[in-house]
Amino acid sequence: MRRILPILALVCAVASYAWDRQTTPPSAAPKTASAAPVDENAQKARQLIDQAVAALGGPMYLNIRDRESQGRTYSLHHGESTGGGALFWSFWEFPDKERVELTKERDIAELFVGDKGFEITYKGPHPMEAKDVTDYLRRRHYSLENVLRTWINDPGVILLYEGTAIAQDHSAQKITLVNPKNESVTVYLDSDTHLPLKKSFEWRDPVDRQKNLEDEVYDNYRPVAGIMAPFNITRYFNGDMAAQRFLFSVTINQGLDPAMFNPNSGYNPNKQPSTKH
């Protein structure tokens, strides 16, 4: 009998604990110590992203349908210019169409529609090399427009606030976004203006498995029809300056001729009505 009493006491204690667990309301359940900091970090990151979108133009920025820009582009190798630069006209229609016309005569064009790329010359259109298309599609996937208009609306994307940093000699707020495919992109926002200063992402070459880093830097913001547009854009590859664009003009939501995005339409920019603004 003496042996049975301790066992009965233990059974009663366990039953009492189980009953308390079942009858404890969810609101009274203990909270993990890490839940609050994670939520606060994500909220801080989201707040900064929202401030950036507002600084860029808010709803007007988010609802850009098309954009035309003119300027001069420079290609560089290991930070050194490979030529005197080329005039270009860029026509972009969200989310996946872009036409870039090169030379003063605008007689060479690079066209990207969906996941296809074409080079158009006086001989007509022909498909671009697969590597060039892949490189372009990667940059489009990680583009600032795509991050701020598509990534941010994916419920599976994780937002991480990583504190303050220095970008282009400016104090910046650093935010990283990680999507469900474990792809990540980091944006640096000016601490004063909230405008994007820099965007970075890494990717691994499928052939040599080498990890590569691409950065894009934004400068010389100017107001254009209710939005703020960077007129100087510099791209870096593994720390070396790879390309620069200096814009002369930017127009948005002017409506673009659908023929310019059809490689077989015979579209000729020199026979179209003047688009000078």
Nearest heavy-atom pair of [X] and [Y]: which atoms, and what distance?
X: Pro125; Y: Pro263; value: CG-O, 3.3 Å
X: Val250; Y: Ser69; value: CG2-CB, 4.2 Å
X: Ser184; Y: Val178; value: CB-CG2, 4.0 Å
X: Gly85; Y: Arg72; value: O-NH1, 3.5 Å
X: Met228; Y: Ala55; value: CG-O, 3.4 Å

Hey, what do you get for [atom1] ([X]) to [atom2] ([Y]), rounding to the nearest 0.5 Å?
X: Leu159; Y: Leu177; atom1: CG; atom2: CG; value: 5.0 Å
X: Arg138; Y: Glu183; atom1: CZ; atom2: CD; value: 10.5 Å
X: Thr73; Y: Leu102; atom1: OG1; atom2: CG; value: 8.0 Å
X: Ile108; Y: Thr121; atom1: CD1; atom2: OG1; value: 7.0 Å
X: Leu56; Y: Thr193; atom1: CG; atom2: OG1; value: 9.0 Å
X: Lys198; Y: Gln168; atom1: NZ; atom2: CD; value: 6.5 Å

inquiry  = Under 3.5 Å, is there a donor on one side chain and an acceptor on the other for Ser200 and Thr186?
reply    = no
Any donor-acceptor pair under 3.5 Å linking the side chain of [X] with the backbone of [Y]?
X: Arg140; Y: Asp96; result: yes
X: Tyr221; Y: Pro196; result: yes
X: Gln254; Y: Ile252; result: yes
X: Asn146; Y: Thr150; result: no
X: Asn232; Y: Asn220; result: no
X: Ser265; Y: Asn262; result: yes
X: Asn179; Y: Asn182; result: yes
X: Asn270; Y: Glu105; result: yes

Ring-ring centroid check Trp203 Tyr142, cutoff 6.0 Å = no
query = When you look at CG of Asp169, are more than 12 heavy atoms from neighbouring residues, nucleotides or ligands closer to it than 6.0 Å?
reply =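 Count not over threshold, so no.
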ask   = Can you tell me if CZ on Phe248 sees more than 12 non-hydrogen neighbours from other groups inside 6.0 Å?
value = yes
Whether [Y] and [X] form a salt bridge (side-chain N of Lys/Arg under 4.0 Å from carboxylate O of Asp/Glu) is what I want to check.
X: Lys199; Y: Glu216; result: yes
X: Asp135; Y: Arg139; result: no
X: Asp50; Y: Arg46; result: yes

task = Take the angle between the ring planes of His141 and Trp151 and call it parallel below 30°, perpendicular above 60°, tilted in between.
result = tilted
query = Can you list the steps and then say if Glu68 with Ser90 is a side chain to side chain donor-acceptor pair (under 3.5 Å)?
reply = CA-CA 6 Å; Glu68 174 185 346; Ser90 172; over 6 Å; no
query = Could you go step by step and tell me if Ile152 and Val157 meet the side chain to side chain contact (heavy atoms under 4.5 Å, CB included) rule?
reply = CA-CA 7 Å; Ile152 197 64; Val157 166; 5.8 Å; no
Is there a chain of hydrophobic side chains (I, L, V, M, F, W, Y, each step under 4.5 Å between heavy atoms) that links [X] to [Y]?
X: Leu111; Y: Leu137; answer: no
X: Met128; Y: Val113; answer: no
X: Val133; Y: Val100; answer: no
X: Phe237; Y: Leu213; answer: no
X: Ile166; Y: Val187; answer: no

[X] versus [Y]: any side-chain heavy-atom pair under 4.5 Å?
X: Ile49; Y: Leu148; result: yes
X: Tyr218; Y: Leu195; result: no
X: Arg106; Y: Lys104; result: no
X: Asn238; Y: Gln210; result: yes
X: Ile120; Y: Arg99; result: yes
X: Thr234; Y: Tyr236; result: yes
X: Phe118; Y: Phe112; result: no
X: Tyr188; Y: Gln173; result: no

query = Should the pair Arg245 and Phe88 be classed as cation-pi, given the thresholds of under 6.0 Å to the six-membered ring centre and 45° from the axis?
reply = yes
task = Give a yes/no verdict on a cation-pi contact between Arg222 and Phe231, requiring under 6.0 Å between NZ or CZ and the six-membered ring centre and an angle within 45° of the axis.
result =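 Checked: cation-pi criterion met.
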inquiry  = For a side chain to side chain donor-acceptor pair (under 3.5 Å) check, start with the C-alpha distance between Tyr136 and Glu110, then their side-chain angles and the critical distance, and finish with the verdict.
reply    = CA-CA 11 Å; Tyr136 174 85; Glu110 295 177 347; over 6 Å; no
inquiry  = For Tyr161, give me all partners under ring-ring contact (aromatic ring centres under 6.0 Å, His included), at least two apart in sequence or on another chain.
reply    =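 Tyr161 satisfies ring-ring contact (aromatic ring centres under 6.0 Å, His included) with no other residue.
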key: Candidate pair Trp92 and Ile64, rule side chain to side chain contact (heavy atoms under 4.5 Å, CB included), full reasoning   = CA-CA 10 Å; Trp92 171 83; Ile64 294 176; 3.7 Å; yes
CA sep, side-chain torsions, deciding dist, call: Glu101, Phe91, side chain to side chain contact (heavy atoms under 4.5 Å, CB included) = CA-CA 9 Å; Glu101 298 169 357; Phe91 304 88; 3.7 Å; yes
ask   = Thr176 and Glu162: side chain to side chain contact (heavy atoms under 4.5 Å, CB included), yes or no, with the steps?
value = CA-CA 7 Å; Thr176 295; Glu162 300 197 67; 2.2 Å; yes
task = Show your reasoning for whether salt bridge (Lys or Arg N to Asp or Glu O under 4.0 Å) applies to Arg67 and Glu145.
result = CA-CA 12 Å; Arg67 180 182 63 224; Glu145 291 87 356; 3.1 Å; yes
